[in-house]
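The structure under discussion appears below in the form of structure tokens.
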Amino acid sequence: MSIVKINALTVPAEQREVLEQRFASRAGSVEGSDGFEWFELLRPVEGTDQYLVYTRWRSEEDFQAWMEGPMKAAHQGGGAAGGRPGGAAGGEGGAERPKPAATGSSVWSFEVVQQAAPKQG
């Protein structure tokens, strides 16, 4: 079964719009990766300042290949989005990169052991 990676990003209220815009500008940067199955950016409604970045992958190996390839290039300013979603974005001509929108990050890993979808019909 699939694996799930959840990145819990601590985002101050004044940085929420920045974070969401950075994710919107990276649209399409992971979707073509081998083994990628799903992405969601979850905005907190109440009681927390943590956004959750949910991705699902066919295998740990597929996730690691993305981390070492396209994701690493994006974080170094070489990706199509010019930077890390929620973090720094590459500047023009070596300009200084913007500060990260998140003040903290924690990655959680899970294996999918059961799943269900709506019934058809």
Side-chain angles (χ1 to χ4, degrees):
M1 285 230 154
S2 303
I3 63 144
V4 169
K5 299 292 182 172
I6 298 174
N7 191 357
L9 300 172
T10 303
V11 183
E14 67 275 8
Q15 290 292 90
R16 285 180 163 199
E17 189 174 331
V18 171
L19 179 91
E20 291 179 22
Q21 288 175 350
R22 289 182 184 170
F23 270 95
S25 71
R26 55 115 322 258
S29 65
V30 70
E31 287 85 335
S33 298
D34 190 41
F36 170 79
E37 295 179 351
W38 198 259
F39 161 84
E40 290 178 324
L41 175 61
L42 306 175
R43 177 192 302 141
V45 177
E46 60 185 43
T48 184
D49 58 356
Q50 287 193 314
Y51 275 72
L52 299 180
V53 182
Y54 173 99
T55 58
R56 190 174 69 212
W57 298 85
R58 179 179 54 209
S59 69
E60 179 68 26
E61 293 75 23
D62 291 322
F63 172 74
Q64 291 301 327
W66 174 74
M67 288 284 290
E68 289 301 315
M71 193 280 301
K72 189 174 186 177
H75 284 203
Q76 295 171 347
R84 171 170 74 209
E92 293 289 328
E96 193 170 317
R97 296 160 64 121
K99 289 183 179 180
T103 59
S105 174
S106 177
V107 177
W108 305 332
S109 299
F110 299 88
E111 290 180 325
V112 176
V113 293
Q114 293 183 26
Q115 61 186 20
K119 291 183 180 183
Q120 301 296 322

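- Contact detail for Ala102 and Leu9: the closest heavy-atom pair is CB-CB, 4.0 Å.
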### Task
Show your working on side-chain contact (heavy atoms from CB on, under 4.5 Å) between Asp49 and Val11 and close with a plain yes or no.
CA-CA 6 Å; Asp49 58 356; Val11 183; 5.9 Å; no

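- Residues Val53 and Phe39 are in side-chain contact: their nearest non-hydrogen atoms beyond the backbone lie under 4.5 Å apart.
- In terms of the side-chain hydrogen bond (donor to acceptor under 3.5 Å, both in side chains) criterion, residue partners of Ser105 (sequence neighbours excluded) are, by chain and number, Asn7.
- Cluster membership check: Val4 shares its hydrophobic cluster with Trp108, using side-chain heavy-atom separations under 4.5 Å among Ile, Leu, Val, Met, Phe, Trp and Tyr.
- Within the 4.5 Å cutoff, the side chain of Tyr54 has heavy atoms near those of the Arg56 side chain.
- Between Met1 and Val112, the shortest heavy-atom contact is CB-O, 3.0 Å.
- Among all heavy-atom pairs drawn from Trp57 and Val30, the shortest one is CH2-CG2, 3.6 Å.
- Cluster annotation: Ile6 and Met67 are assigned to distinct hydrophobic clusters (Ile/Leu/Val/Met/Phe/Trp/Tyr, side-chain heavy-atom contacts under 4.5 Å, transitive).
- Cluster annotation: Leu41 and Trp38 are assigned to distinct hydrophobic clusters (Ile/Leu/Val/Met/Phe/Trp/Tyr, side-chain heavy-atom contacts under 4.5 Å, transitive).
- Contact between Ala101 and Pro12 at its shortest, heavy atoms only, is O-CD, 3.6 Å.
- Between the side chain of Ser59 and the backbone N or O of Asp62 there is at least one donor-acceptor pair closer than 3.5 Å.
- The pair Arg43-Glu20 meets the salt-bridge criterion, with a side-chain N (NZ, NE, NH1 or NH2) lying under 4.0 Å from an Asp/Glu carboxylate O.
- Taking OG of Ser2 as the reference point, atom CD of Glu111 lies at 10.5 Å (rounded to 0.5 Å).
- The two residues Pro100 and Gln15 make their nearest non-hydrogen contact at O-NE2, 3.8 Å.
- Cluster membership for Leu19 and Leu52, using ILVMFWY side-chain heavy atoms within less than 4.5 angstrom, is not shared.
- In this structure, Val113 shares a hydrophobic cluster with no other residue, the cluster being traced through Ile, Leu, Val, Met, Phe, Trp and Tyr side chains under 4.5 angstrom apart.
- Taking 4.5 Å as the limit, every side-chain heavy atom of Pro44 sits out of range of all side-chain heavy atoms of Gln50.
- Under the salt bridge (Lys or Arg N to Asp or Glu O under 4.0 Å) criterion, the residue pairs touching residues 4-19 are Lys5-Glu60, with sequence neighbours excluded.
- Leu42 and Phe23 are not part of a single hydrophobic cluster, where members link through side-chain heavy atoms under 4.5 Å apart.
- Atoms CZ and CZ, from Arg58 and Phe36 in turn, are 12.5 Å apart once rounded to the nearest 0.5 Å.
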